[in-house]
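First comes the structure, then the notes that go with it.
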Amino acid sequence: MFHKFDLGGVTHELWLAPTVNGYHLHILDGWSGPVAFAEEAAGHGSLTVAGTSKAVAFAVDGDVIHIHMRGRTRSLRYVDPLRALASVDGDDGHNVARAPMPGTVVALKVVPGDAVTAGTVLVVIESMKLETQIRASQDGIVERLHVKDGDSFDRDAILVTLSQGN
Amino acid sequence: MAAISFPFETVLIANRGEIAVRIIGSLRKLGLRAAIVYHEVDAATPAVALADVAFKISGRTPVSAYLDAEQIVTAARTVGAGALHPGYGFLSENAGFARAVTAAGIAFIGPSPEAIELMGDKIRARNFVERNGFPVAPSAIEESDPSTFLARARSVGAPLLVKPSAGGGGKGMRIVRDLDLLEDAVAQARSEGQRYFGDGRLYIERYVEKPRHIEVQVLGDAFGNVVHLFERECSVQRRFQKIIEETPSPALSAQMRQRICETAAGIARAAGYRNAGTVEFIFGGGEFYFLEMNTRLQVEHPVTEMITGVDLVAEQIAIAANRPLSFRQPDISAQGHAIEARLYAESPERGFSPTSGKVLMLDYPHEQGVRVDSGIAQGQSITTAFDPMLAKVIVHAPTRDAAVAKAIRAVKDVVLLGCETNAAFLARVLADAGFRSGEVHTGYLDENPTIASGIDGDPDEVTGLLAVAALVTRPVRDAADAVPALHAAIGDWRN
């Protein structure tokens, strides 16, 4: 079974197979070979790829894996197959407005229950001293506001959930 | 210096983050009590934890709390502070604040309000410097005599920069490299000035091609003693935001270095300057011109401390306590080369957009000659409420090449997980051939956008990242472990 990881906007598919002394990594359309990871202390370990070892520091935050290796820090997102499936087929009438960048809430323009059309301003945010309007991507009913005035949020945070309302 | 006594016991720090931590370090060394003001979003930061007493202030936004002079003076009185250190930014160059602090009977650790006012007004500062015989960019101001404006402009010599007097933000500015085109450029700039600012008056100054930003640290005491502590080069910038600073400057000859440093000390002396200050110059084409003077401690002061061994914050406090400088110019010498790289919560790869997140792991390099001035701790959330600078990585080595190599190692050894930073970008700048050869100018990063965007696609790196991610992600490992080992053992064959 293939697992998906998102790295900088690119999705990579892979699977692991157990071997006698570790695992074999298969990257779809990519490298394949023996890998091992020995966790030496919390968040620190040693990665061995094809016989070569490197020190790794890592932290897992929900579905995001932050990794520092070879002098660089990168973050990957595990695309949970169950959740990915749910959002594709489970068209359960939800649509969310996410933060395009970290910032703070300047003004909420809607309240739960409001009917909005595509393009309606939902929230005004401030980031880098600039105000940005977050608009509805489709028609719907405001189901939930996830933030309040003055809240700060991270990139990709869910700000507003809309339901289709029909 | 540790043995001296002070007319005050407690110093209030009207700042936050790394500079507050830095100031607390010097206060400890001097045996003084550290008090700090903080907005509640900073309650869990190291500066608040390290201070002996912390006083909560509030505001409509977190930044506005740190700009509220009245609350801060009240805090200083309440905690019994006899002196106040403003750090940099916020109220550090606000003459009214310096006056209010002094009026409350509290020593302001900085220059006099008059010096702050003089240097805060860019035209007054420029005229002051020129009147005292120090170099400013040759210029011609139309309103001083409109009839001779063009002739005076010509005598400044090409290349020229034509600017609307009322201007700002680069609007209406034109570079003239051929004096035959001066009249056309003046006409166009005038009409643009009229259109943008409703004001057609113009100002012309010598344009410096590929300018470098070089500044000089000065210290003055209340007895008229002024010394310089050599220069810092801060040409690696992005839209006026400094990114990497170093000393000595790779652009200056020994002779030029002496001239620029003595000029800075002369300007400070002429201004009767007291406390720490920085005189900034534009350097290009073998000439330097006064740009402005910053009447406070600079972010990049640690590189000066590394090569001189002088604790600038301790000196500032001693000066504010009316002590004479404990050294004269010949006592100050520079050893080796120092570089500072600023760690920002931003993504150079995504157009320098701000980043945020919770610090899940924080580990700084530990190496001889590496200093990290940091204001954050593991577990803390980084938000966009403040300036994005998180920490500064400063290195010291005998030569520039050794310092560059050490700086690259140090920024690569910064482990900060949970909030994306510019660390990889810093490593790219430090490793860049132009930077290594010392041939940068303030427009260098804009001219070389690939340094910021980065070129990804090292397949080995991607493989390693995917391997770690796969091996630490439970469902991936569980799926693998569910496969019978015998079956798996022939996995390769099945391919």
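Protein chains get the first letters and strands the later ones, always in sequence-line order, with residue 1 at the start of each. These figures come from a predicted structure and were not determined experimentally.
Only the backbone of Ala36(A) comes within contact range of chain B, judged by heavy atoms closer than 4.5 Å. Contacts between Thr463(B) and chain A at a heavy-atom distance below 4.5 Å involve backbone atoms as well as side-chain atoms. Looking at Val41(B), there are no atoms closer than 4.5 Å to chain A (heavy atoms on both sides), in backbone or side chain. For chain A, no part of Arg60(B) is nearby; none of its heavy atoms comes within less than 4.5 Å. For Ser75(A), no part lies under 4.5 angstrom from a heavy atom of chain B. Both the backbone and the side chain of Phe58(A) come within contact range of chain B, judged by heavy atoms closer than 4.5 Å. In this structure, the portions of Ile67(A) lying under 4.5 Å from any heavy atom of chain B include both its backbone and its side chain.
In terms of heavy-atom pairs under 4.5 Å with chain A, the best-connected choice from Ala427(B), Ala423(B), Gly418(B) is Gly418(B). Of the listed residues (Ala385(B), Cys419(B), Gly464(B), Ala424(B)), the one with the most heavy-atom contacts under 4.5 Å to chain A is Gly464(B). Contacts with chain B were tallied for Thr73(A), Val49(A), Thr104(A); Thr73(A) has the most, counting heavy-atom pairs under 4.5 Å. Residue with the most contacts toward chain A among Thr383(B), Leu465(B), Ile408(B): Leu465(B) (heavy-atom pairs, distance under 4.5 Å).
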Dump the intermediate steps for side-chain contact (heavy atoms from CB on, under 4.5 Å) on Thr473(B) and His3(A), then the final yes or no. CA-CA 10 Å; Thr473(B) 301; His3(A) 297 269; over 6 Å; no

Quick one, Glu461(B) with Arg70(A), criterion salt bridge (charged side-chain N to carboxylate O under 4.0 Å, His left out). Give me CA distance, side-chain angles, the key distance, then yes/no. CA-CA 8 Å; Glu461(B) 186 194 18; Arg70(A) 306 202 316 180; 5.3 Å; no

Evaluate the criterion side-chain contact (heavy atoms from CB on, under 4.5 Å) for residue pair Phe5(A) and Val476(B); output intermediate values, then yes/no. CA-CA 11 Å; Phe5(A) 287 91; Val476(B) 180; 3.8 Å; yes

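One finds the CZ atom of Arg474(B) at 12.0 Å from the OH atom of Tyr78(A) (value rounded to the nearest 0.5 Å). For the atom pair Leu466(B) CG and Leu25(A) CG, the distance stands at 7.0 Å (nearest 0.5 Å). Separation of atoms OG (Ser353(B)) and CZ (Arg155(A)) is listed at 6.5 Å; rounding is to 0.5 Å.
Scanning both residues, Ile65(A) and Ala469(B), for their nearest heavy atoms gives CD1-CB, 4.1 Å. Residues Gly103(A) and Thr384(B) share a closest heavy-atom pair of CA-OG1, 3.3 Å. For Leu360(B) against Ala59(A), the heavy-atom pair with the smallest separation is CB-CB, 3.8 Å. Pairing each heavy atom of Pro102(A) with each of Ser356(B), the nearest pair is CB-OG, 3.1 Å. Shown here for Ala42(A) and Met361(B), the closest heavy-atom pair between the two residues is O-CE, 4.4 Å.
A donor-acceptor pair is defined here as one N or O able to donate and one able to accept, closer than 3.5 Å; such a pair exists between the side chain of His68(A) and the backbone of Lys412(B).
At a threshold of 4.5 Å between non-hydrogen side-chain atoms, the residues Asp61(A) and Leu417(B) do not count as touching. Put simply, the side chain of Leu47(A) reaches to within 4.5 Å of the side chain of Leu471(B), judged on heavy atoms.
Environment of CD in Glu40(A): crowded, with over 12 heavy atoms of neighbouring residues, nucleotides or ligands closer than 6.0 Å.
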